[in-house]
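The block underneath contains the structure these notes are about, expressed in structure tokens.
What you see below is based on every heavy atom in this structure, not just the backbone, and it leaves out hydrogens, waters and symmetry mates.
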2 protein chains.
Amino acid sequence: MRIDPQSPADLSAQIAQAIRDAIISGRLIVNQRLPSEAELADQFQVSRPTVREALKRLAAQSLIRTQRGASGGAFVNRLNFEDLYSQQITTSTLLLSMNAVSFDTACEARYALERACAPLSAQRRTADHLATMRAEIFRQSQPGLTDEAFCASDVAFHRALVDGAGNPVLSYQLAGAVEAMQPLMNMITFTARSREEIIALHSDIADALEARDAGTVDAVLVKLELYTRQLAQDVAERKRKPA
Amino acid sequence: MRIDPQSPADLSAQIAQAIRDAIISGRLIVNQRLPSEAELADQFQVSRPTVREALKRLAAQSLIRTQRGASGGAFVNRLNFEDLYSQQITTSTLLLSMNAVSFDTACEARYALERACAPLSAQRRTADHLATMRAEIFRQSQPGLTDEAFCASDVAFHRALVDGAGNPVLSYQLAGAVEAMQPLMNMITFTARSREEIIALHSDIADALEARDAGTVDAVLVKLELYTRQLAQDVAERKRKPA
DNA sequence: GACTTTTAAATGTCAGACAAATAAAAAGTC
DNA sequence: GACTTTTTATTTGTCTGACATTTAAAAGTC
């Protein structure tokens with residue numbers, strides 16, 4: 001692992017990249033301890049604060065974890081989906097809030113992904129997944145529910161659908177898409193409440209999944225997508241020309 | 001923006017989270033300049049190195065960029081897909097190489113996502129996308145091509161298919177899945193060369209996309225998935241019992 | 001007015017120090 | 001000897017203060 005002191009890039013960025021490469025290439029393996037900060041500083045011929053900045057960069061990507069104390073140090077982290085979920089959600093939320101992608105584009109991607117999960121979920125969903133979905137549908141039909149709680153339940157419902165596919169990669173990919181849209185969906189439900197319709201569609205999905213009927217699930221998801229995008233469009237128009 | 005000095009978490013992590021929250025909530029908007037490191041240190045009542053570690057964490061996630069010199073500083077970054085692609089690829093590659101997910105699971109997710117793009121791509125692909133795909137097919141059929149180059153071309157082909165959907169979110173999600181599998185696919189093609197079959201399937205896809213026939217694209221992708229997973233399984237078995 | 005020089009502000013880097021946590025080793029106790 | 005307590009060494013977390021480097025704007029010069 002070497003760096004180029006003449007490079008215009010920050011030393012800490014170079015060091016982070018060098019260590020990252022070592023992890024990706026397998027020269028550093030999971031749970032292996034990196035040299036101490038002092039040793040790394042010596043090795044790269046930089047000061048300890050510079051090394052620390054590099055390590056913080058890697059920690060931000062969950063590539064390493066650090067422990068204090070004797071026999072502490074920085075260790076190569078085994079990536080787990082928990083960490084990745086939250087990062088994915090943060091990224092997706094920002095993409096939407098910064099207008100880097102339109103709601104329509106995000107919505108299309110979200111339902112495309114969800115429909116990709118549907119056949120797998122119809123095939124593999126367990127009784128647990130079904131029970132979760134039924135429970136969320138029941139919660140959604142409670143009259144006193146706040147809009148926020150309804151949206152959270154909506155997210156949980158779709159989460160169960162996706163998890164039913166039994167593929168953590170798909171779950172991870174969709175976590176961002178679904179959760180990132182919650183704030184915007186919230187805004188929509190505030191103005192255009194139509195819970196009955198959504199609940200009915202959710203019930204259709206649960207029924208179809210119970211019957212392992214992938215085709216129907218897909219069809220209902222298409223309906224739900226159209227409905228969502230229509231609502232978003234209505235809200236957008238109402239905003240442009242407020243009565 | 002406040003932090004809790006009593007919290008067990010690192011101060012730099014807390015500060016990073018506080019700034020991250022401010023960006024997500026919209027209190028800090030794109031291209032807005034953050035206070036200087038000295039001001040932030042004063043505001044959070046910590047030292048400048050601690051602030052710097054926090055900023056490096058955010059920089060690692062592409063949330064901010066820094067400029068040196070007068071009127072320099074840290075600025076809220078508009079997320080762009082270029083940055084996100086490479087992060088996604090790094091993450092996906094590590095997930096695979098660390099055995100956090102099996103090749104089979106990754107493969108299933110990858111083709112599920114790709115099939116989700118197929119109908120959109122059949123509808124929206126431009127002549128450009130088709131030309132790219134044809135060019136890659138032609139390259140793949142050149143006899144002198146190395147295995148690495150064949151794989152790279154394979155990636156480029158599928159990239160064009162996905163990009164044809166015209167949805168950057170889907171492209172971004174798939175970038176990781178497809179590119180991360182390249183090294184492993186490489187390994188497979190080394191042992192079980194069967195380029196003709198793959199090229200034939202690629203041609204079928206291009207033809208179907210030209211005819212805007214989503215159903216056929218989907219069917220061919222299913223074939224390709226089965227073929228890929230069969231190959232992977234064969235290689236795995238051969239490894240377990242090496243003749 | 002156009003060009004050059006100076007200046008100030010900001011990040012990048014360094015050195016050295018101390019605090020706090022932690023595990024291992026050492027000492028003490030029964 | 002086995003267990004508990006204390007000590008110690010190691011390592012990260014944080015601070016202070018300093019200097020180098022970059023850069024844009026201000027000042028100066030022709």
Side-chain angles (χ1 to χ4, degrees), chain A residues 1-20 22-23 28 31-77, chain B residues 1-20 22-23 28 31-77:
Chain A
M1 289 199 292
R2 293 257 173 76
I3 56 172
D4 172 20
Q6 304 306 319
S7 162
D10 293 358
L11 292 177
S12 70
Q14 288 184 62
I15 293 170
Q17 191 58 53
I19 298 176
R20 194 167 14 241
I23 296 176
L28 292 171
N31 289 330
Q32 186 172 341
R33 183 180 173 282
L34 273 68
S36 73
E37 295 176 353
E39 285 171 315
L40 284 173
D42 207 51
Q43 191 174 322
F44 286 115
Q45 289 287 301
V46 298
S47 67
R48 196 159 83 92
T50 302
V51 168
R52 282 183 60 77
E53 287 179 10
L55 294 179
K56 294 312 165 198
R57 294 179 116 106
L58 299 174
Q61 298 178 306
S62 309
L63 290 182
I64 61 169
R65 62 179 184 280
T66 55
Q67 266 181 334
R68 293 176 72 167
S71 70
F75 298 83
V76 178
N77 216 356
Chain B
M1 288 198 294
R2 293 255 174 76
I3 57 172
D4 172 20
Q6 305 305 321
S7 162
D10 292 359
L11 291 177
S12 70
Q14 288 185 62
I15 293 170
Q17 192 58 52
I19 297 176
R20 193 166 16 238
I23 296 176
L28 291 171
N31 289 330
Q32 185 173 340
R33 182 180 174 283
L34 274 68
S36 73
E37 294 175 354
E39 286 172 313
L40 285 172
D42 206 50
Q43 190 174 321
F44 286 113
Q45 289 287 302
V46 297
S47 68
R48 195 158 83 91
T50 303
V51 168
R52 282 182 61 79
E53 287 178 9
L55 294 180
K56 294 312 166 198
R57 293 179 117 108
L58 299 174
Q61 298 179 308
S62 310
L63 290 182
I64 60 169
R65 63 180 184 280
T66 54
Q67 267 181 334
R68 294 178 70 169
S71 70
F75 297 83
V76 178
N77 217 355

Checklist entry - Taking the nucleotide of DNA chain C with the closest heavy atom to each, which residue, A:Pro49 or B:Ala70, is nearer the 5' end? => result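 So the residue in question is B:Ala70.
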Check whether any side-chain N or O of [X] sits under 3.5 Å from a backbone N or O of [Y] as a donor-acceptor pair, and report yes or no.
X: B:Arg33; Y: B:Gly72; result: yes
X: A:Glu37; Y: A:Val51; result: no
X: A:Gln14; Y: A:Ala9; result: yes
X: B:Arg65; Y: B:Val76; result: yes

Next on the checklist: Just to be sure I understand the geometry, which residues of residues 50-60 of chain A put a non-hydrogen atom under 4.0 Å away from DNA chain C?
Outcome noted: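 Only A:Thr50 qualify.
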Checklist entry - For D:dC30, what is the paired nucleotide under Watson-Crick or G-U wobble rules, both distances under 3.5 Å? => result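 For D:dC30, the partner nucleotide comes out as C:dG1, under the 3.5 Å rule.
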Next on the checklist: Pairing check on D:dT12: which nucleotide meets the Watson-Crick or G-U wobble criteria with it, both distances under 3.5 Å?
Outcome noted: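 When the pairing criteria are applied, C:dA19 turns out to be the nucleotide that pairs with D:dT12.
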Among [options], which is the nearest nucleotide to the side chain of [X]?
X: B:Thr66; options: C:dG12, D:dT16, D:dT14; value: C:dG12
X: B:Ser71; options: D:dT12, C:dA10, D:dA24; value: D:dA24
X: A:Asp10; options: D:dT11, D:dT21, C:dT13; value: C:dT13
X: A:Leu11; options: C:dC14, D:dG13, C:dA23; value: C:dC14

Checklist entry - Is the shortest heavy-atom distance from the side chain of A:Asp10 to the side chain of A:Glu53 under 4.5 Å? => result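 A side-chain contact under 4.5 Å is absent here.
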Checklist entry - Under a 4.5 Å cut-off applied to non-hydrogen side-chain atoms, are A:Leu58 and A:Asn77 in contact? => result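 No, side chains not in contact.
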Checklist entry - Which atom pair, heavy atoms only, marks the closest approach of A:Ile15 to A:Ala54? => result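 Of all heavy-atom pairs spanning A:Ile15 and A:Ala54, the closest is CG2-CB, 3.7 Å.
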Item to check | Over all atoms of both residues, closest heavy-atom pair of B:Ser12 and B:Arg57 | outcome: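 Residues B:Ser12 and B:Arg57, closest heavy atoms: OG-NH1, 2.7 Å.
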Next on the checklist: Does A:Arg33 reach a base, just sugar-phosphate, or nothing at all? Heavy atoms under 4.0 Å.
Outcome noted: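 Sugar-phosphate, backbone atoms only, no base.
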Mind calculating the distance between [atom1] ([X]) and [atom2] ([N]) to the nearest angstrom?
X: B:Arg65; N: C:dA10; atom1: CZ; atom2: P; result: 17 Å
X: B:Glu37; N: D:dA20; atom1: CD; atom2: P; result: 18 Å
X: A:Ile15; N: C:dG12; atom1: CD1; atom2: P; result: 14 Å

Checklist entry - Of all of residues 38-47 of chain A, which get a heavy atom below 4.0 angstrom from DNA chain D, listed by number? => result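 Listed by number, there are none.
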Checklist entry - Hey, what do you get for CG (B:Leu40) to OG1 (B:Thr50), rounding to the nearest 0.5 Å? => result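 The OG1 atom of B:Thr50 is 12.0 Å from CG of B:Leu40, to the nearest 0.5 Å.
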Item to check | Contact under 4.0 Å: A:Arg48 side-chain N or O vs D:dG13 OP1/OP2 | outcome: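 False: A:Arg48 side-chain N/O out of range (4.0 Å or more) of D:dG13 OP1/OP2.
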Checklist entry - Got a donor-acceptor pair under 3.5 Å from the side chain of A:Arg68 to the base of D:dT11? => result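 Absent.
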